[in-house]
Amino acid sequence: MEKIRVIQQIHEQGVVAVLRGNSPEEVVEMAAQAIAGGIRVIEVTMTVPNALQAIEQLRRMYSSQSSNVDRFAIIGAGTVLEPATARACILAGSEFIVGPSLNADTIKMCNLYRIPVMPGVMTIGEVQEALELGADIIKLFPGNLYEPSIIGTIKGPMPQANIMPTGGVNVANLGDWIKAGAVAVGIGSDLTKEAIASGDMTLVRKKAEQYMEAYHRAKTNLSLQPQ
């Protein structure tokens, strides 16, 4: 039931902040600003030095079961390449695992621990393989290689696939991806690049607010369409 709850929360929140930085402290600050701006799903990438420290600290700071909106967030790990790293992330408190590519053993490890897993795919064949292995959400990566209409193309033969584009999603096109059927979207460098360049991390919060406004607008427009 815990796994199902986390998947449902990711679907409901709709926007995943993919955070890269130079230290765990920097990433924790990015995450805090993103959460303050309304993004409640945080993916700490394993390219961050000592990334597990950031995951552990964020899990202490935030809970996906908190009734306090200021303390509610779902903390996961990204850029997970193989099962040993996946297990380390899970033991550090990661509530979901994301990979840039399809690694069967990583999916099996996550299934063993009943942790949602989102492998990266680029082809219809990889989507099918990910589903056969038991992936919960399929990460379309890099998303900037495709138009949002690719989701409809994938869902033609495989309507059961939950697709999350990552890479190339921005405030301007987020609504197009949601309209096309994305279960959620992953936001990478566009969320943090201005803050990193200026050293002002409050810019992450402001950008997060823009993303969440665009997401809620897209969901509202979707609900108003004739069924």
Side-chain angles (χ1 to χ4, degrees), residues 2-7 9-10 13 15-32 34-35 39-64 73-123 126-127 129-143 162-167 169 183-189 191-192 196:
E2 179 66 15
K3 177 178 180 177
I4 295 172
R5 182 185 64 81
V6 171
I7 295 170
Q9 288 178 330
I10 292 171
Q13 295 300 318
V15 179
V16 180
V18 182
L19 301 182
R20 303 181 187 276
N22 297 314
S23 69
E25 293 79 14
E26 183 179 49
V27 168
V28 167
E29 177 59 21
M30 287 178 183
I35 293 166
I39 297 179
R40 301 291 171 169
V41 187
I42 303 297
E43 176 187 326
V44 177
T45 67
M46 289 299 101
T47 54
V48 177
N50 301 310
L52 296 182
Q53 292 180 19
I55 292 174
E56 290 170 348
Q57 183 173 345
L58 287 168
R59 282 305 310 274
R60 289 193 296 268
M61 295 169 63
Y62 301 97
S63 170
S64 61
I74 305 162
I75 310 300
T79 320
V80 176
L81 304 179
E82 31 66 42
T85 300
R87 184 175 185 274
C89 292
I90 293 166
L91 295 179
S94 178
E95 296 180 275
F96 63 89
I97 299 294
V98 183
S101 59
L102 180 60
N103 182 282
D105 289 336
T106 297
I107 297 175
K108 292 175 183 177
M109 178 66 72
C110 293
N111 287 340
L112 175 64
Y113 283 92
R114 301 298 296 159
I115 295 294
V117 58
M118 312 177 202
V121 306
M122 293 182 68
T123 68
E126 287 181 326
V127 173
E129 184 179 356
L131 291 173
E132 290 172 348
L133 289 165
D136 303 291
I137 295 174
I138 310 299
K139 173 183 172 181
L140 184 66
F141 180 78
N162 296 314
I163 306 296
M164 181 182 74
T166 302
V169 179
V183 70
V185 295
I187 309 299
S189 61
L191 178 66
T192 59
I196 292 174

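We count residues from 1, following the sequence as given. Side chains included, hydrogens not; waters and symmetry mates left out as well; all remaining heavy atoms used.
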Asker: Quick check for you: to the nearest 0.5 Å, what is the distance between Ile97 atom CD1 and Glu43 atom CD?
Answerer: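 Interatomic distance, Ile97 CD1 to Glu43 CD, rounded to 0.5 Å: 9.5 Å.
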
Asker: Considering only heavy atoms from C-beta outward, does the side chain of Lys108 approach that of Leu133 to under 4.5 Å?
Answerer: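 Yes, close enough: below the 4.5 Å cut-off.
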
Asker: Give the minimum heavy-atom separation between Ala86 and Met109, together with the two atoms involved.
Answerer: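 Minimum heavy-atom separation between Ala86 and Met109: CB-CG, 4.4 Å.
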
Asker: Between Ser94 (side chain only) and Ala77 (backbone N and O only), is there a donor and an acceptor less than 3.5 Å apart?
Answerer: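 Such a contact is found between Ser94 side chain and Ala77 backbone.
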
Asker: Report the distance from atom CD1 of Ile42 to atom CD1 of Ile35, rounding to the nearest 0.5 Å.
Answerer: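 With rounding to 0.5 Å, CD1 (Ile42) is 4.5 Å from CD1 (Ile35).
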
Asker: Shortest non-hydrogen contact from Thr79 to Pro100?
Answerer: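 Here Thr79 and Pro100 meet closest at CA-CD, 3.9 Å.
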
Asker: Measure from the side-chain N and O atoms of Ser101 to the backbone N and O of Gly120, and report whether any donor-acceptor pair falls under 3.5 Å.
Answerer: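 Pair absent, no side-chain N/O of Ser101 close to backbone of Gly120.
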
Asker: When you measure from the side chain of Gln9 to the backbone of Ser64, do you find a donor-acceptor pair of N or O atoms at a distance under 3.5 Å?
Answerer: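 Yes, because the side chain of Gln9 sits within donor-acceptor range (under 3.5 Å) of the backbone of Ser64.
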
Asker: Identify which one of Ile4, Asn111, Ile74, Val6 satisfies the side chain to side chain contact (heavy atoms under 4.5 Å, CB included) criterion when paired with Pro116.
Answerer: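 In the set Ile4, Asn111, Ile74, Val6, the residue that makes a side chain to side chain contact (heavy atoms under 4.5 Å, CB included) with Pro116 is Val6.
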
Asker: What I want to find out is whether Glu56 reaches Arg59 closely enough, with some N-O distance under 4.0 Å, to be called a salt bridge.
Answerer: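 Judged by the 4.0 Å cut-off on N to carboxylate O distance, Glu56 and Arg59 do not form a salt bridge.
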
Asker: With a 4.5 Å limit on heavy-atom distance, are the side chains of Ser23 and Asn50 in contact?
Answerer: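 Counting from C-beta outward, Ser23 and Asn50 never come under 4.5 Å.
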
Asker: Measuring from Ile138:CD1 to Met164:CE, what's the distance to the nearest 0.5 Å?
Answerer: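 Between Ile138 CD1 and Met164 CE, I get 10.0 Å after rounding to 0.5 Å.
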
Asker: Check Ile187, Val44, Val41, Thr45 against Val18 for a side chain to side chain contact (heavy atoms under 4.5 Å, CB included) and give me the one that passes.
Answerer: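 Passing option: Thr45.
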
Asker: As a quick check of understanding, evaluate side-chain contact (heavy atoms from CB on, under 4.5 Å) for Val183 and Ile137, giving each step before the final call.
Answerer: CA-CA 8 Å; Val183 70; Ile137 295 174; 3.9 Å; yes

Asker: Side chains of Thr192 and Arg20, heavy atoms from C-beta outward: is any pair under 4.5 Å?
Answerer: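 Contact flag for Thr192/Arg20 side chains = no.
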
Asker: Do Ile39 and Gln13 come close enough that some side-chain heavy atom pair is under 4.5 Å?
Answerer: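 Contact flag for Ile39/Gln13 side chains = no.
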
Asker: Can a donor-acceptor pair be found, under 3.5 Å and without considering hydrogens, that links the side chain of Asn103 to the backbone of Val80?
Answerer: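 No.
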
Asker: What's the shortest heavy-atom distance between Phe96 and Met118, and which atoms?
Answerer: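 For Phe96 and Met118, the tightest heavy-atom pair comes out as CD1-CE, 3.7 Å.
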
Asker: Any heavy-atom pair between the side chains of Ile107 and Leu102 that's under 4.5 Å?
Answerer: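 When only atoms from C-beta onward are counted, Ile107 and Leu102 do touch, with a gap below 4.5 Å.
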
Asker: Quick one, Val28 and Leu58 - any side-chain contact, counting heavy atoms below 4.5 Å?
Answerer: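 They are in contact (side-chain heavy atoms under 4.5 Å apart), so the answer is yes.
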
Asker: Once rounded to the nearest 0.5 Å, what's the spacing between atom CD1 of Ile7 and atom CD of Glu2?
Answerer: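 CD of Glu2 is found 10.5 Å from CD1 of Ile7.
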
Asker: Which heavy-atom pair separates Ile90 from Tyr113 by the least distance, and what is that distance?
Answerer: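 So the two residues come closest at CD1-CB, 4.1 Å.
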
Asker: Indicate the atoms forming the closest heavy-atom contact of Ala54 with Val27, along with that distance.
Answerer: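 What the structure gives for the nearest pair is CB-CG1, 4.4 Å.
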
Asker: If you compare all heavy atoms of Asp136 against all heavy atoms of Val117, which two are closest, and at what distance to 0.1 Å?
Answerer: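 Taking every non-hydrogen atom into account, OD2-N, 3.1 Å.
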
Asker: When you measure from the side chain of Glu95 to the backbone N and O of Ile75, does any donor-acceptor pair fall under 3.5 Å?
Answerer: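 Here the side-chain-to-backbone pair exists.
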
Asker: Measuring from Ile163:CD1 to Lys139:NZ, what's the distance to the nearest 0.5 Å?
Answerer: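 Here the rounded value is 13.0 Å.
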
